[in-house]
Amino acid sequence: MLLPRFVRKLLAVFRGNVAPPLILLTVLLGFWTGMMPGWSGLHTVLVMLVLVVNVHIGLFILSLGLGKTLSLAAAPVLYHLGIWAQEHLSGMLSTLSSIPVIGLTDFSRYALVGGLILGPIVGAVAGLLLMFVVIHFRRMMVKLDEKSEKFRIWYSKWWVRLLDRILIGKRAKDVKSMFVKAKYIRKVGVVLALILVGGFFAAVHFGQDAAMKSYAAETLTNANKAEANLSQLGIDVLAGKVSVSGVQLTDPANPIQNHTVVGKIEADASMYDLLLGKLVLEKVEISEVKFDQLREVAGRVIQRVVEEKPFDANTYKVDANDLAKLDKYVKDAKKVKEQLEKLRNWLPDSSRTTQPEQTPHKYLDYLMAKAPVAPSYKMLAKQILADKIEIPSPLFGNSKMEMTNLSDAPAAAAKPITMLIQSYVTPALLKIAMDYSKSDTPEVTGTFEGFDLSKLQSEFSEGAGLQFQSGLASGTFGGTLTKEQVDLKIDLGIKDLKASAVGKGVLGLGAEQTNQVMQVLNELKTTIRVVGPTTSPRLVFDTKGLTKEFQNALVAAGKQRLQQEVDKQIQQLGGQLGDKLGDKVPTELKDKLQGSGKDIVEGLGGLLGGKKKQEEKKQ
């Protein structure tokens with residue numbers, strides 16, 4: 001009866017021409033590969049090394065099987081060793097993560113890290129023992145061959161060799177050849193490794209329409225919270241080029257509609273980062289972007305529960321009486337809230353979250369448990385240019401958009417995110433920057449200019465109190481903006497302001513007084529804060545500053561009306577005196593009557609203390 005295969009493989013090593021150092025290396029690689037659970041980039045490197053180095057394949061497979069068995073038996077040991085390594089060898093793991101192909105390994109798995117450390121140790125010990133046993137056996141065979149003529153004659157018979165071949169397998173041609181120096185590089189293995197690498201690139205190139213396109217679509221679906229579709233995905237690995245066409249992102253709130261459709265995306269990708277399991281795009285060009293397009297078939301929506309925190313005005317240290325809902329100022333507040341909900345999906349969390357520590361409940365969980373590590377980015381677009389985008393807003397319309405450092409984990413990337421939107425049809429320009437250098441919650445800053453209020457009038461409700469005929473708004477803003485909360489301070493300036501009262505006017509002045517204010521108020525500067533839940537923010541106005549601005553405007557309007565009335569009365573009085581007295585009117589009185597009513601109004605203002613206040617200001 002034939003011997004078991006693994007016994008035959010082992011005996012063949014004893015009698016073969018495998019160099020003792022290669023025996024040690026074979027067993028070490030086998031146990032190292034086998035004791036790390038799963039499959040990773042490090043496994044791939046070890047297998048490629050096995051193909052190139054002239055190790056004994058049978059012994060490697062045998063050692064790998066023993067290593068897998070040992071990893072199952074010693075799963076708790078690997079788990080606890082991995083915990084120790086995460087605490088004391090984090091630098092080494094970080095270095096390994098930065099090596100191409102090896103970086104594809106998930107070093108957060110405790111058992112894998114434990115196998116990474118314990119595997120070569122067990123393999124080295126087992127390999128040394130086997131190597132010394134083989135050397136001793138071969139020396140014994142040489143002595144026997146030299147001292148026993150009967151052994152040489154018997155061993156040279158054909159039927160002995162045939163039986164030996166059947167029972168045990170291949171061996172060296174003669175006893176002395178067992179000590180012949182072996183070659184350490186397997187030429188056939190080098191060719192095979194090159195074929196495998198070439199096959200991988202060929203599979204990436206020709207198989208991208210299936211597996212890779214499906215993977216990319218699923219990744220976008222998870223990020224979008226609803227079905228994402230791709231028509232074509234092209235990846236040129238050697239040139240580092242990526243192109244995508246026919247991108248459709250389903251609107252989670254309305255599955256029959258796409259909230260974004262992109263005709264084509266072209267980008268340059270980093271090969272080094274691809275071999276680390278990351279997609280880093282150097283320059284991305286986007287064209288044919290459309291919004292709110294109907295789908296042929298309703299898209300799949302990922303169900304999720306959103307727990308909204310209740311708004312607490314005290315959190316923001318502002319007067320609750322100054323808080324105003326969007327409904328008061330925006331005509332279609334529901335639509336705005338829906339848009340904010342879409343925006344919320346792409347905003348950062350309020351703090352960097354870590355993976356929860358997985359406590360093993362079952363025996364095999366020891367092999368799957370992972371360390372609670374901070375999230376790392378898998379996708380980063382360093383520069384994005386989207387030209388001629390039809391933004392569904394009367395303020396922007398056809399626009400150009402430039403963005404930098406967009407990623408799936410911006411806090412982990414720790415790079416400043418910038419966005420610029422410039423309209424081609426209006427003077428509107430918006431710049432936004434999100435800085436992660438100070439904390440995991442980014443500091444948001446930006447500027448805006450050329451916001452034509454007359455074009456925004458259709459978006460305002462009657463409760464806003466004003467009907468804008470003209471006015472260009474500009475200013476700066478800063479604060480925090482996350483998925484959960486928003487707290488932004490906006491310093492607003494308006495020039496060339498022309499507006500009329502609607503409804504009850506503003507600040508309780510009524511329509512008539514509001515109109516009087518707007519007649520003289522050509523410029524306005526104020527501060528607005530936007531606070532509260534991101535999907536339902538409140539507006540906090542600088543009521544004291546606005547009241548002062550409006551009071552000054554009312555005084556100016558009163559002076560203007562009084563001046564006009566005085567001018568009218570003076571003209572009437574001058575006409576009457578001229579008709580009755582003719583040239584007998586004294587010259588001094590005539591000069592006074594010919595003067596404007598402005599001097600008289602300012603004189604009255606002096607009687608009321610106006611001049612005194614002006615002099616005090618000058619002093």
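The two residues Ala473 and Ile494 come nearest to each other via the heavy atoms CB-CG1, 4.3 Å. Here the closest non-hydrogen pair linking Thr404 and Pro416 is OG1-O, 3.9 Å. The shortest non-hydrogen separation linking Ile490 to Phe477 is CG1-CB, 3.9 Å. Looking at every heavy atom in both residues, Ala228 comes nearest to Leu220 through CB-CB, 3.6 Å. Shown here for Ala371 and Tyr110, the closest heavy-atom pair between the two residues is CA-OH, 3.2 Å.
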What donor-acceptor contacts under 3.5 angstrom involve side-chain atoms of residues 393-400, with partners at least two apart or in another chain?
from   : atom 1 : to     : atom 2 : distance (Å)
Ser393 : OG     : Leu395 : N      : 3.2
Asn398 : ND2    : Glu390 : OE2    : 2.9
Ser399 : OG     : Phe396 : O      : 3.4
Ser399 : OG     : Gly397 : O      : 3.1

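With salt bridges taken as basic N to acidic carboxylate O contacts below 4.0 Å, none links Glu288 and Lys290. Checked for salt-bridge contact, Lys489 and Glu443 miss the test: no charged N lies under 4.0 Å from a carboxylate O. Salt-bridge formation is not detected for the pair Glu523/Lys495: no Lys NZ or Arg NE/NH1/NH2 atom is positioned less than 4.0 Å from an Asp or Glu carboxylate oxygen.
Using modelled atom types, one side-chain atom of Arg295 and one backbone atom of Val297 make a donor-acceptor pair closer than 3.5 Å. Looking only at distances, a side-chain donor or acceptor of Thr250 sits under 3.5 Å from a matching main-chain atom of Glu227. The backbone N or O of Phe107 sits less than 3.5 Å from a side-chain atom of Gln86, completing a donor-acceptor pair. Formation of a donor-acceptor pair under 3.5 Å by the Ser94 side chain with backbone atoms of Ser90 is not found in this model. With hydrogens and angles ignored, the 3.5 Å screen pairs a side-chain donor or acceptor of Gln469 with a backbone N or O of Gln467. Side chain of Thr534 to main chain of Leu481: no donor-acceptor pair is present (N/O by atom type, distance under 3.5 Å, no hydrogens or angles).
A 4.5 Å side-chain heavy-atom check between Ile265 and Val284 finds at least one atom pair inside the cut-off. Taking the side chain as every heavy atom from C-beta outward, Lys283 and Lys382 never approach each other to under 4.5 Å. You'll find the side chain of Asp435 stays beyond 4.5 Å of the side chain of Thr445, heavy atoms only. The shortest distance between side-chain heavy atoms of Leu539 and Val530 falls below 4.5 Å. The closest side-chain heavy-atom distance from Thr44 to Leu104 is not below 4.5 Å. Counting heavy atoms from C-beta outward, Leu42 and Leu112 have side chains that stay 4.5 Å or more apart. For the pair Thr527 and Asp491, the minimum side-chain heavy-atom distance is below 4.5 Å.
Donor-acceptor pairing under 3.5 Å is lacking for the side chains of Asp487 and Gln485.
Below 30°, between 30° and 60°, or above 60°: for Phe451 and Phe448 the angle between ring planes is between 30° and 60°, a tilted geometry.
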